[in-house]
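Here is the structure we will look at, set down as structure tokens.
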Amino acid sequence: MIVDPVTTTEDRQIAATSLRTFMRLPAAQRSSVILMDVLGYSLDEIRDVMDTSIPAIKAALHRGRARLRELAQEPDDHPAPALAEPERSRLAAYVERFNARDFDALRTMLADEVRLELVNKLRLSGRGEVGNYFTNYSKVADWHLIPGLVDRRPAILVRAPGNPSATPDYFILLAWTGDSVTGIRDFRFARYVTDGAEIVAFE
């Protein structure tokens with residue numbers, strides 16, 4: 001068995017933690033860290049065991065190791081992640097308008113210099129170009145948005161409509177200046193990024 005070279009002594013020390021701490025990781029992160037840092041599996045072997053892609057495993061390893069470092073510094077009664085005002089209000093307003101298909105209202109929220117990255121697909125800049133992004137969403141009906149957190153960062157979670165208990169298919173990250181949206185990163189075409197992510201939905 002060949003151990004992947006990205007595994008370090010520090011990673012193995014981090015992995016030598018309590019089961020209770022491991023159980024606070026999402027399943028994909030927990031499995032990836034245990035298979036590589038505890039059992040010494042290679043990336044190829046983990047891919048076969050978990051039936052997923054190498055990029056998804058690397059993402060889960062990165063997130064899992066970082067989260068274990070954070071958890072090692074936290075008391076057992078550390079509060080659950082939350083989103084503070086006014087960020088929560090801004091995110092909720094964006095989600096509400098998106099779900100209502102009020103795309104004209106969303107366009108008014110865009111800053112003149114807004115930038116869009118539709119990950120693995122395209123990049124656009126400026127209010128005029130980015131406005132077309134909403135036009136494309138208006139043509140499909142496979143989405144329902146929910147405000148939440150991804151790896152403790154404010155995010156918009158996207159899942160199929162009519163299934164409130166479903167795991168999000170992907171997510172969208174927004175950057176703000178005041179009440180104007182200055183950046184959009186949409187992972188619709190890079191859904192593997194949800195594998196191993198710590199996701200919290202605010203219903």
Side-chain angles (χ1 to χ4, degrees), residues 26-29 51-60 62-63 80-203:
Q29 292 182 18
D51 191 25
T52 188
S53 67
I54 294 292
I57 294 166
K58 288 182 176 179
H62 175 75
R63 289 175 171 137
L83 192 58
E85 297 287 351
E87 202 159 28
R88 184 164 185 160
S89 294
R90 289 187 311 200
L91 200 60
Y94 187 96
V95 167
E96 181 180 354
R97 291 170 183 174
F98 211 117
N99 285 333
R101 292 179 174 265
D102 189 356
F103 297 118
D104 285 338
L106 289 174
R107 290 184 182 98
T108 68
M109 298 174 69
L110 301 178
D112 290 338
E113 69 281 8
V114 63
R115 294 181 179 274
L116 165 73
E117 181 182 6
L118 196 55
V119 180
N120 286 345
K121 189 75 171 177
L122 58 81
R123 293 176 184 235
L124 299 172
S125 60
R127 180 184 287 184
E129 288 188 1
V130 175
N132 294 325
Y133 160 78
F134 300 113
T135 302
N136 292 332
Y137 261 104
S138 71
K139 297 176 182 177
V140 295
D142 60 350
W143 50 264
H144 179 77
L145 274 54
I146 307 147
L149 298 172
V150 173
D151 292 337
R152 304 201 165 203
R153 295 175 58 193
I156 296 170
L157 312 179
V158 187
R159 62 188 176 201
N163 190 355
S165 62
T167 301
D169 295 319
Y170 61 101
F171 58 88
I172 302 167
L173 301 177
L174 301 179
W176 301 83
T177 298
D179 291 328
S180 296
V181 178
T182 56
I184 303 172
R185 293 193 74 206
D186 187 326
F187 291 86
R188 181 179 176 88
F189 297 100
R191 301 190 179 199
Y192 59 84
V193 298
T194 61
D195 295 340
E198 181 183 9
I199 294 174
V200 177
F202 299 127
E203 302 288 358

When you compare the side chain of R90 with that of M109, does any pair of heavy atoms fall below 4.5 Å? no

Where is the tightest heavy-atom contact between S180 and A111, given as atom of each residue plus distance? CB-CB, 4.1 Å

Show the nearest heavy-atom pair for residues S125 and R115, with the distance to one decimal. CB-NH1, 4.0 Å

Side chain to side chain contact (heavy atoms under 4.5 Å, CB included) test vs I184 passes for just one of L110, L173, L124, L118, namely L110

Kindly indicate whether the side chain of Y94, heavy atoms from C-beta on, has any atom under 4.5 Å from the side chain of L106. yes

For P147 and V95, the nearest pair of non-hydrogen atoms, with its separation, is CD-CG1, 3.8 Å

Heavy-atom donor-acceptor pair, N99 side chain to L145 backbone, under 3.5 Å: yes

Point-to-point distance, once rounded to the nearest 0.5 Å, from OG1 of T194 to CG of L157: 10.0 Å

The ring pair (Phe, Tyr, Trp, His ring centres under 6.0 Å) partners of Y133 (sequence neighbours excluded) come to Y137

Which atoms form the tightest heavy-atom contact between A190 and V119, and what is the distance? CB-CG1, 3.8 Å

Does the R107 side chain pair with the main chain of G131, one donor and one acceptor, at a distance under 3.5 Å? yes

Answer yes or no: is there an ion pair linking D169 with R159, defined by an N-O contact shorter than 4.0 Å? no

Given side chain to side chain donor-acceptor pair (under 3.5 Å), test T108 with R127 step by step and report yes or no. CA-CA 9 Å; T108 68; R127 180 184 287 184; over 6 Å; no

A side-chain contact here means heavy atoms from C-beta on lying under 4.5 Å apart; do F187 and V150 qualify? no

Would you say T182's side chain and A175's backbone share a donor-acceptor pair under 3.5 angstrom? yes

Find out whether I199 and P168 are in side-chain contact, i.e. whether some heavy atom of one side chain is under 4.5 Å from a heavy atom of the other. yes

Other residues, nucleotides, ligands: >12 heavy atoms within 6.0 Å of R123 CZ: no

With heavy-atom distances below 4.5 Å as the criterion, would you say the side chains of I57 and T52 are in contact? yes

S138 side, atom OG; N132 side, atom CG - distance, nearest 0.5 Å: 10.0 Å

Taking C-beta and beyond as the side chain, do R153 and F171 meet within less than 4.5 Å on heavy atoms? no

Any I172 side-chain heavy atom under 4.5 Å of V158 side chain: yes

Applying ring-ring contact (aromatic ring centres under 6.0 Å, His included), run through F103 and F98 and close with a yes or a no. CA-CA 6 Å; F103 297 118; F98 211 117; 5.3 Å; yes

Between the side chain of S53 and the main-chain N/O of A56, is any donor-acceptor distance below 3.5 Å? yes

In short, salt bridge (charged side-chain N to carboxylate O under 4.0 Å, His left out) pairs touching residues 171-194 with sequence neighbours left out are E117-R185, D142-R188

Are more than 12 heavy atoms, taken from residues, nucleotides or ligands other than E96, located less than 6.0 Å from that residue's CD atom? no

Smallest separation among heavy atoms of V140 and W143, with atom names: O-NE1, 3.2 Å

How far apart are the closest heavy atoms of F202 and G148, and which atoms are they? CD1-CA, 3.5 Å

